[in-house]
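So you know, we letter chains A, B, ... as the sequences are listed, proteins then strands, and number each from 1.
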2 protein chains.
Amino acid sequence: MTAQRRVVAEVLDGEHVHLTADEVHARAVSKLPEISRATVYNTLGELVSLGEVLEVATDKRAKRYDPNAHRPHHHLVCAQCGTIRDVHPTGNPLADLPSSERFGFTVSDVEVTYRGVCPNCATV
Amino acid sequence: MTAQRRVVAEVLDGEHVHLTADEVHARAVSKLPEISRATVYNTLGELVSLGEVLEVATDKRAKRYDPNAHRPHHHLVCAQCGTIRDVHPTGNPLADLPSSERFGFTVSDVEVTYRGVCPNCATV
DNA sequence: ATCCTACATTGGACGAAGTCCAGGTCAACA
DNA sequence: TGTTGACCTGGACTTCGTCCAATGTAGGAT
């Protein structure tokens, strides 16, 4: 555990946190000015392989990193401003996929993304 | 309707078709050698705004384009080779999101991505 | 049939996001 | 102290996508 990794882990902390790699880097720099982009990418990659952090690809641009990996959840995204909230729907989408629709796949995971307009953008 | 647009539309035809923009371009070139990347991107963008084609962001790399836009469906992705199948789960995930979990959003759409290993990769 | 005009297309430059690599630094341990 | 190995750095590079000025063309007007 080095200073760089600690800083990245600190930046990624809390609920409803979904930063891009560049945002993580920007915040890390403000705590540890000489940290490099490559290190941030490496550390994020390691956190993802360790299962500590999730990669989220809700928008088509940059990947986002979600530290709330241990509590299963899905995402609600504002189509206008891109805000992301963690949500916990009822029901189990895995059970909704009959084996006739599995094409022989071993299905291990589901990711649900709700899209809509957030209250803030709705009033504009 | 120009020759270029017709070619792009022809390339994007069928079920379980999920090409990247570059793949669309490559196939379009084989039918119309002088077609440019910019035109393919423009045409894809127009098809998406017209609602004829869906953008899919299942993998973190390039966007993919799904011509099967009129029949609502979700996706099953192989974590190893990236193969994508269209699937039609039972149930309605929109109904599974209680209003207490909507944070004031006006939710209009859901996208479900199942992940697993396809039969082909499983035998390797 | 010809001309005009608006729109489509082209190709290349540009930008954003991410990866890779060679070299430097640091901590631990013998 | 010297060696070792892991880590970090900065910059070059790749990939995917967008933008733009110049050119071509489809299809209505004459």
Contacts of type ring pair (Phe, Tyr, Trp, His ring centres under 6.0 Å), residue B/H88, not counting sequence neighbours: none
How are the rings of B/H16 and B/H18 set to each other: parallel, tilted or perpendicular (split at 30° and 60°)? tilted
May I have the distance from B/R6 (atom CZ) to C/dA8 (atom C1'), rounded to whole angstrom? 14 Å
Could you work out the complete set of other residues in the hydrophobic cluster of A/Y41, with links drawn between I, L, V, M, F, W and Y side chains under 4.5 Å apart? none
Which hydrophobic side chains are connected to B/L47, either touching it within the sub-4.5 Å cutoff or through other members that do? B/V7, B/V8, B/V11, B/L12, B/V17, B/L19, B/V24, B/V29, B/L32, B/I35, B/V40, B/L44, B/V48, B/V53, B/Y65
Tell me whether A/E10 is salt-bridged to A/K31, with the criterion being a basic N under 4.0 Å from an acidic carboxylate O. yes
Hey, where does DNA chain C pair up into stems, meaning at least three consecutive Watson-Crick or G-U pairs with distances under 3.5 Å? C:1-30 with D:1-30
Verify side-chain hydrogen bond (donor to acceptor under 3.5 Å, both in side chains) between A/D66 and A/H75, making sure each step is shown before the conclusion. CA-CA 10 Å; A/D66 183 339; A/H75 292 114; 2.8 Å; yes
Only counting residues at least two apart or in another chain, list the ones meeting side chain to side chain contact (heavy atoms under 4.5 Å, CB included) with B/P93. A/Y114, B/V110, B/V112
How would nucleotides 9-29 of chain D be written as a contact map, 5' to 3', with B for base contact, S for sugar-phosphate-only contact and - for no contact, using protein heavy atoms under 4.0 Å? BB-----SBBB----------
How long is the line joining CZ of B/R5 and C1' of C/dT10, in whole Å? 14 Å
Determine whether more than 12 heavy atoms belonging to other residues, nucleotides or ligands lie under 6.0 Å from atom CZ of B/R27. no
